[in-house]
*Asks:* 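Pasting a structure below so you can have a look.
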Amino acid sequence: MSGQLSWAQNETTLVISGILDRDSILGFWEKRQSLLSHIESIDVSNLSHVDSTGLAMLVRLKGEYQSQQRPLKFVGISDNLNTLIELYGVKAFLIN
């Protein structure tokens, strides 16, 4: 499944929309440093689909923030994404 991934900044929240999968994350990943410089939360409520690669990217972003001792929250987690988070055993790490 491939599709469009888009994002927009709303104060200290980055809103991600569309499909977050292995085919769509490259553009975001390459721009993440500048996109996330003043971000405290990522709103994932507008994601229509997330695969395991997309979840891995979210986990990596959280890890990068933690290594810099910066807070990062994910908001708007859908039931489907929550199920994926639980299946991969990253709920305690990703959702605090």
Side-chain angles (χ1 to χ4, degrees):
M1 177 180 286
S2 68
Q4 296 291 353
L5 180 66
S6 61
W7 50 86
Q9 185 173 346
N10 182 2
E11 295 182 17
T12 60
T13 300
L14 186 70
V15 179
I16 301 176
S17 304
I19 296 173
L20 184 60
D21 67 4
R22 68 179 183 86
D23 295 326
S24 68
I25 65 171
L26 185 59
F28 178 88
W29 189 253
E30 291 174 342
K31 297 176 183 173
R32 77 186 185 286
Q33 298 291 343
S34 62
L35 288 172
L36 299 173
S37 62
H38 295 82
I39 297 298
E40 295 175 5
S41 63
I42 297 178
D43 183 342
V44 294
S45 63
N46 293 322
L47 289 174
S48 58
H49 176 77
V50 179
D51 71 1
S52 58
T53 305
L55 177 60
M57 184 194 81
L58 297 178
V59 169
R60 177 71 186 265
L61 290 175
K62 179 78 172 198
E64 287 181 1
Y65 264 65
Q66 282 189 337
S67 71
Q68 299 170 12
Q69 299 182 350
R70 294 173 54 200
L72 179 65
K73 291 184 179 181
F74 292 97
V75 296
I77 296 173
S78 68
D79 290 340
N80 288 340
L81 179 53
N82 190 54
T83 298
L84 191 62
I85 289 168
E86 289 179 355
L87 285 172
Y88 279 87
V90 295
K91 188 168 189 166
F93 176 71
L94 206 58
I95 303 170
N96 50 3

*Asks:* Hey, is the main chain of Gly18 close enough, under 3.5 Å, to the side chain of Ser48 for a donor-acceptor pair?
*Replies:*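 Pair found, side chain donor or acceptor close to backbone of Gly18.
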*Asks:* Say whether, by atom type as modelled, one donor and one acceptor occur between the side chain of Arg32 and the main chain of Trp29 under 3.5 angstrom.
*Replies:*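 Yes, because the side chain of Arg32 sits within donor-acceptor range (under 3.5 Å) of the backbone of Trp29.
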*Asks:* If you measure only the distance, is there a donor-acceptor pair under 3.5 Å linking the side chains of Asn80 and Thr83?
*Replies:*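 Judged by distance alone, the side chains do not pair up.
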*Asks:* In a check of side chain to side chain contact (heavy atoms under 4.5 Å, CB included) between Trp7 and each of Val15, Asp43, Leu35, Ile42, which one passes?
*Replies:*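 Passing option: Leu35.
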*Asks:* Which residue is it: Leu5, Ile19, Asp21? I am looking for the one with a side chain to side chain contact (heavy atoms under 4.5 Å, CB included) to Leu47.
*Replies:*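 With Leu47 as partner, side chain to side chain contact (heavy atoms under 4.5 Å, CB included) holds for just one option, Leu5.
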*Asks:* Do the side chains of Phe28 and Ile16 get nearer than 4.5 Å, heavy atoms only?
*Replies:*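 They are in contact (side-chain heavy atoms under 4.5 Å apart), so the answer is yes.
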*Asks:* Any donor-acceptor pair under 3.5 Å linking the side chain of Lys62 with the backbone of Leu72?
*Replies:*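 Confirmed, Lys62 side chain pairs with Leu72 backbone.
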*Asks:* First locate atom OG1 of Thr13, then atom NE2 of His38, and finally report the distance between them rounded to the nearest 0.5 Å.
*Replies:*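 It comes to 14.0 Å.
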*Asks:* Around atom CZ of Phe93, are there more than 12 heavy atoms from other residues, nucleotides or ligands closer than 6.0 Å?
*Replies:*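 Result for CZ/Phe93: enclosed.
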*Asks:* Are Met57 and Thr53 close enough that some pair of their side-chain heavy atoms sits under 4.5 Å apart?
*Replies:*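 They are not in side-chain contact.
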*Asks:* Say whether Leu61 and Val75 are linked into one hydrophobic cluster, either directly or through other cluster members, by side-chain heavy-atom distances under 4.5 angstrom.
*Replies:*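 No, it is not one cluster - the side chains of Leu61 and Val75 are not joined through contacts under 4.5 Å.
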*Asks:* So, the side chain of Arg70 versus the backbone of Glu64: is there a donor-acceptor pair under 3.5 Å, distance only?
*Replies:*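 Looks like no, no N/O pair under 3.5 Å.
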*Asks:* Can you tell me how far apart CG (Asp51) and CG (Asp23) are? Round to the nearest 0.5 Å.
*Replies:*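 Rounded to the nearest 0.5 Å, the CG-CG separation comes to 8.0 Å.
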*Asks:* Please indicate whether Gln68 has more than 12 foreign heavy atoms, meaning atoms of other residues, nucleotides or ligands, lying under 6.0 Å from its CD.
*Replies:*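 More than 12 heavy atoms, drawn from other residues, nucleotides or ligands, come within 6.0 Å of this atom.
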